[in-house]
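Letters A, B, ... mirror the listed sequences (proteins, then strands); counts begin at 1.
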Amino acid sequence: GAGVSQSPSNKVTEKGKDVELRCDPISGHTALYWYRQRLGQGLEFLIYFQGNSAPDKSGLPSDRFSAERTGESVSTLTIQRTQQEDSAVYLCASSDPALQFFGPGTRLTVL
Amino acid sequence: QKEVEQDPGPLSVPEGAIVSLNCTYSNSAFQYFMWYRQYSRKGPELLMYTYSSGNKEDGRFTAQVDKSSKYISLFIRDSQPSDSATYLCAMNTDSWGKLQFGAGTQVVVTP
């Protein structure tokens, strides 16, 4: 079946603008994760959704970052007032139950 | 100190050689250990998944976990140029929840 999909694949924005990144998880997967990967580095956890439970937001770096998930489907990661240090690849993963499968990522460049 | 340490490489080996990768970690609560492969500009792809200590083999890949030493390894036998990628170790304390990643090791297999 289809894997995790993310859109857009690339996003270039100007400093101070808001951006929205979208993730479509694998159908039936109850858990969804967002990670950030800076150039040449490992993945950094941002937020985790599991069913109807309150999300684990412990990895969000500032209040400019937020995410929503509709039921057990699409999730949107929003970054407000983008800064140059937000430039990175944003990766989404879904799992059911334990194995996390990743999408291709959104490459965000903040000019 | 990072929770998960991984040498970033690059690690260059001739085709047919054994590739040896490893990670060390500090959190003794980690129980689930994974290895991901990431090609340039792609999302991570799950290679191996092990629970607790021991060995697991899958084709040319062998994963080892030594919880007493807080050390995990991945071996790739009969390496091919197509194995050239970045290999990321990851682990977590529960079967659900955020993964803690190493920085990734870049592997180059030369023909």
Side-chain angles (χ1 to χ4, degrees), chain A residues 2-10 21 23-26 29-60 67 72 88-109, chain B residues 1-11 21-27 30-52 56 58 63 72 74 85-108:
Chain A
V4 177
S5 61
Q6 293 186 245
S7 61
S9 55
N10 285 283
L21 312 180
C23 172
D24 283 88
I26 294 170
H29 279 194
T30 57
L32 186 148
Y33 311 77
W34 285 96
Y35 294 85
R36 177 170 71 178
Q37 186 174 31
R38 291 195 165 116
L39 187 64
Q41 298 186 23
L43 279 70
E44 173 190 7
F45 168 76
L46 296 177
I47 188 169
Y48 156 51
F49 296 90
Q50 172 57 55
N52 295 320
S53 301
D56 175 357
K57 302 180 181 181
S58 61
L60 294 178
E72 292 187 352
V89 176
Y90 289 83
L91 290 154
C92 174
S94 68
S95 72
D96 184 24
L99 303 183
Q100 295 187 26
F101 297 93
F102 284 83
T106 294
R107 184 173 298 272
L108 175 66
T109 303
Chain B
Q1 183 188 4
K2 295 180 182 177
E3 275 195 293
V4 181
E5 297 281 357
Q6 184 176 10
D7 188 331
L11 178 63
L21 304 165
N22 59 78
C23 291
T24 59
Y25 62 94
S26 57
N27 187 349
F30 286 139
Q31 295 191 77
Y32 300 86
F33 304 92
M34 299 112 208
W35 286 94
Y36 285 84
R37 177 174 64 194
Q38 186 174 29
Y39 291 113
S40 181
R41 294 186 170 261
K42 301 289 187 182
E45 169 193 1
L46 182 64
L47 279 179
M48 299 288 283
Y49 172 79
T50 53
Y51 168 69
S52 197
K56 184 174 182 179
D58 184 0
I72 68 170
L74 177 71
T86 295
Y87 291 80
L88 298 148
C89 64
M91 51 198 76
N92 59 8
T93 57
D94 301 300
S95 58
W96 299 95
K98 63 184 179 184
L99 289 173
Q100 192 71 43
F101 279 84
T105 299
Q106 183 185 0
V107 172
V108 179

Is [X] close to chain B through its backbone or its side chain, or both, or neither, when contacts mean heavy atoms under 4.5 Å?
X	answer
A:Leu91	side chain
A:Ser58	side chain
A:Thr106	neither
A:Gln37	side chain

Distance col, row B:Lys98:NZ vs A:Ile47:CD1, nearest 0.5 angstrom, shows 12.0 Å
Under a 4.5 Å heavy-atom cut-off, does chain A meet the side chain of [X], its backbone, both or neither?
X	value
B:Gln38	side chain
B:Lys42	backbone
B:Tyr32	neither

Check whether A:Gln100 reaches the backbone of B:Gly97 with its side chain - one donor and one acceptor, N or O, closer than 3.5 Å. yes
Is a side-chain N or O of A:Tyr35 found less than 3.5 angstrom from the main chain of B:Leu99, in a donor-acceptor match? yes
Suppose we screen for ring pair (Phe, Tyr, Trp, His ring centres under 6.0 Å). Which residues come up paired with A:Tyr33, at least two apart in sequence or across chains? A:Tyr48
One option among A:Ser9, A:Ala98, A:Cys92 has the most heavy-atom pairs under 4.5 Å with chain B, and it is A:Ala98
May I ask you to name which of A:Glu44, A:Gln6, A:Arg107 has the most heavy-atom pairs under 4.5 Å with chain B?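 Option with the top pair count is A:Arg107.
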Quick check for you: among B:Arg41, B:Met34, B:Gln6, which has the greatest number of heavy-atom pairs under 4.5 Å with chain A? B:Arg41
Would you mind telling me which of B:Cys89, B:Pro44, B:Gly102 has the largest number of heavy-atom pairs within less than 4.5 Å of chain A?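 Highest number of pairs under 4.5 Å: B:Pro44.
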